[in-house]
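Fair warning: this is a prediction, and the values are worked out from it, not measured in the lab. Atoms within each ligand, like the ligands themselves, are counted from 1 in listed order.
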Amino acid sequence: MLTKLSDLYELARKQTKKKLVLAAAQDQSALEAVINASRNSVVDAILVGDKTRIDEICSKANLDISAFELIHEPDYEKAAAFSVKLVSEKKADILMKGHLSTSCLLRAVLNKEWGLRSGELLSHLALFEVPAYHKIIALTDSAMNIAPDFKGKVSIIKNAVNYLIKLGIPNPKVAVLSAVETVNPDMKSSMEAAALAKMADRGQIANCIIDGPLAFDNAISSKSAQLKKINSTVAGDADLLIGDNLDVCNAVYKSFIYFAQARCAAVIVGASAPIVLTSRADSDETKLSSIALAAAIN
Ligand code: COD
């Protein structure tokens, strides 16, 4: 059972050591994360990117990348394609974003011939250790699917539930967020939340308990749920939050980090291999935990 994010390092180390490929590796913060992960025996790495820039960054910041294979490819799209192919050809196990845009990397991932499609929807899963909450809480999807339709939400929940179970969180409690806890026909999020909950009741979405619509406070606070007289095993005890769209989830993600001092680990799941999409704004710890999460679930 995962009780804190640092448990991910041990989980990762228990597996055969994974090889990570860093696409467009001319990115100091990503390089530091990969070096840190390698030092912590979480992964080995291959760097794909502009060798001149990588050498400049390493000599300025005193970074030692001598343990890694380095493939020179200065063009962003080609570096993304080359890195993705290393994973689809099983020469690497984890893909990580370096100095290129998220959409450039994801387009390569979605390439129909040599991408990392698995037949499932790809989605973003983030885990948080929030000091004010009594257990690890997950959130989906704050970085990939912009405005998932109903079928998309079903797939996003299934993806997340699969991986939470792999991480030792059996039968996760899923709260489908809306602004209200009663069904309002004018609010699509509330209608879809209710239908998702009913699908879980009927076994159409298995291995989890879903309730919704739940406003954010009802999902994470049993006091708030009691005040609203919500009788639910999920309310106040959610393992997973799913929002209506990327904007909602991204705001929840950032408020966990900035207002609630949360620790975080996040990956794209549903592809044939995990994808790490950390950004420069993420802490060193978040980057290391995200790499460990990718290695642990692979
Ligand atoms: N899973 C599987 N296949 C997908 C997915 C997915 N999540 N999304 C698109 N596809 C497939 C489609 O079925 C189609 O075959 C092909 O990919 C192209 O689909 P489009 O035209 O809808 O996709 P794109 O290329 O316009 O956009 C896909 C992106 C992932 C690039 C886009 O959704 C995106 O930009 N997402 C937000 C990324 C982002 O900016 N995140 C940062 C926030 S922190």
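Taking 4.0 Å as the cut-off between side-chain N and carboxylate O, Asp237 and Lys173 count as a salt-bridged pair. A salt bridge is absent between Asp217 and Lys223: the closest approach of a Lys/Arg side-chain nitrogen to an acidic carboxylate oxygen does not fall below 4.0 angstrom. By the 4.0 Å N-to-carboxylate-O rule, Asp239 lies close enough to Lys135 to be salt-bridged with it. Under a 4.0 Å N-O distance rule, the pair Glu192/Lys188 qualifies as a salt bridge.
Taking 4.5 Å as the limit, some side-chain heavy atom of Glu32 sits within range of a side-chain heavy atom of Leu63. Put simply, the side chain of Asp201 reaches to within 4.5 Å of the side chain of Lys198, judged on heavy atoms. The shortest distance between side-chain heavy atoms of Phe68 and Ile46 does not fall below 4.5 Å. You'll find the side chain of Leu47 stays beyond 4.5 Å of the side chain of Glu69, heavy atoms only. Side-chain contact between Leu125 and Asn159: absent, with no pair of heavy atoms (C-beta onward) separated by less than 4.5 Å.
For atom 39 (C) of ligand 1, a protein non-hydrogen atom is found at a distance below 4.0 Å. Distance screen at 4.0 Å: atom 10 (N) of ligand 1 has a protein heavy-atom neighbour inside the cut-off. At a distance under 4.0 Å, no protein heavy atom can be found next to atom 19 (O) of ligand 1. Protein heavy atoms come within 4.0 Å of atom 30 (C) of ligand 1. The protein reaches atom 25 (O) of ligand 1 closely, with a heavy atom under 4.0 angstrom from it. Counting protein heavy atoms under 4.0 angstrom from atom 1 (N) of ligand 1 gives one or more.
In terms of protein heavy atoms, atom 32 (C) of ligand 1 is closest to Ile146 CD1, 4.1 Å. In this structure, atom 27 (O) of ligand 1 lies nearest to the protein heavy atom Arg107 NH2, 4.2 Å. The protein heavy atom nearest to atom 37 (C) of ligand 1 is Met144 O, 3.4 Å. Protein heavy atom at the shortest distance from atom 41 (N) of ligand 1 is Ala143 O, 2.8 Å.
Side-chain contact of Asn184 with Ser190: a donor-acceptor pair under 3.5 Å is absent, judged by distance alone.
Of the options Leu121, Val109, Asp247, the smallest heavy-atom separation from atom 6 (C) of ligand 1 is shown by Leu121. For atom 28 (C) of ligand 1, the candidate residues are Leu105, Ile268, Leu110, Ile156; the nearest heavy-atom contact is made by Leu110.
In terms of polar-atom proximity, defined here as any N/O pair under 3.5 Å, Arg117 does make such a contact with ligand 1. For ligand 1, none of its N or O atoms has an N or O atom of Glu120 under 3.5 Å away. Polar contact check, Asn250 against ligand 1: no nitrogen or oxygen pair lies under 3.5 Å apart. Considering both main-chain and side-chain atoms, Leu122 comes within under 3.5 Å of ligand 1 through a nitrogen or oxygen pair.
Listed by atom number, the atoms of ligand 1 under 4.0 Å from Leu106 heavy atoms are 30 (C).
Between Tyr253 and Phe128, the distance separating the two ring centers is shorter than 6.0 angstrom.
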